[in-house]
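These notes concern the structure reproduced below.
Atom set for the values below is all heavy atoms of this structure, side chains included, hydrogens, waters and symmetry mates excluded. This one's a predicted model, so the numbers in the text were calculated from it and none came from an experiment.
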Amino acid sequence: FRTAWQKGQAARRENPEMIALTIRSRLYMGCCEYDRGLRNDNPMNFDNAINAFRGVVKEQPNHYDAMLRLALALRKANRAMESEHILNSLVRAFEQAGENVDRQFLAEINLQLADLYLKDPQYRSGSNLSILAPDHLRKFVALVGDGNHPALEAVREYLAQLDRAQY
């Protein structure tokens, strides 16, 4: 049995179709667990989602969608520092990619970084993100432009309050 299992694992690693199927299934499982966690407010679901998204990232390290979903699941599991690390690595990866960047995706990452700072006072006190939060929000507004992102109006209002407080 062990020999057959090892041969199956070797064949799976060499077959691109099996790798793609594994990635899609783990991503789907992670999304389902994340949604269940949101509905039931169950930390176990977020842990399962984190494991599934980590499996995707392990198989395909540049799977940016899985990395963003992993960061969101980590936030829901009250692991803000890990989430911030992943979000910052995503920003760096997109900055290095140059013009091949999905603007809406990058805007979402910047919004999540700023939201992490704004909603988590314990994290805010111990992080170097305190100066960067308005900058991330401004990047979000610039990237979205006149789009219809649900958070756009609230972000603009918050930035206007910050500007009024400075003067």
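Residues Tyr34 and Ala49 share a closest heavy-atom pair of N-CB, 3.8 Å. The minimum heavy-atom distance linking His63 with Ile23 is given by the pair CD2-CG2, 3.9 Å. Here the closest heavy-atom approach between residue Ile109 and residue Leu68 is recorded as CG1-CD1, 4.2 Å. In this structure, Asp47 and Ala77 approach most closely via the heavy-atom pair OD1-CB, 4.3 Å. Between Leu38 and Phe46, the shortest heavy-atom contact is N-CZ, 3.6 Å. Across all their heavy atoms, Ala52 and Arg26 have their closest contact at CB-O, 3.5 Å.
Distance check, rounded to the nearest 0.5 Å: CZ of Arg36 to CG of Asn45 gives 6.5 Å. Here the straight-line distance linking atom CG of Asn51 with atom CG of Leu70 works out to 9.5 Å at 0.5 Å rounding. Expressed to the nearest 0.5 Å, how far CD of Gln60 lies from OG1 of Thr22 amounts to 11.0 Å.
Using a 4.0 Å cut-off between charged nitrogen and carboxylate oxygen, Arg54 and Glu82 count as a salt-bridge pair. Ion pairing of Asp65 with Arg69 is present here, as a side-chain N (NZ or NE/NH1/NH2) and a carboxylate O approach within less than 4.0 Å.
Asn40 places no side-chain N or O within donor-acceptor distance of the main-chain N or O of Asn42, the cut-off being under 3.5 Å. Of the possible donor and acceptor atoms, none in the side chain of Ser83 sits under 3.5 Å from a partner among the backbone N and O of Arg79.
Side-chain contact between Gln112 and Arg75 is present, with heavy atoms from C-beta onward closer than 4.5 Å.
Met29 and Ile50 are members of different hydrophobic clusters when ILVMFWY side chains are connected at heavy-atom separations under 4.5 Å.
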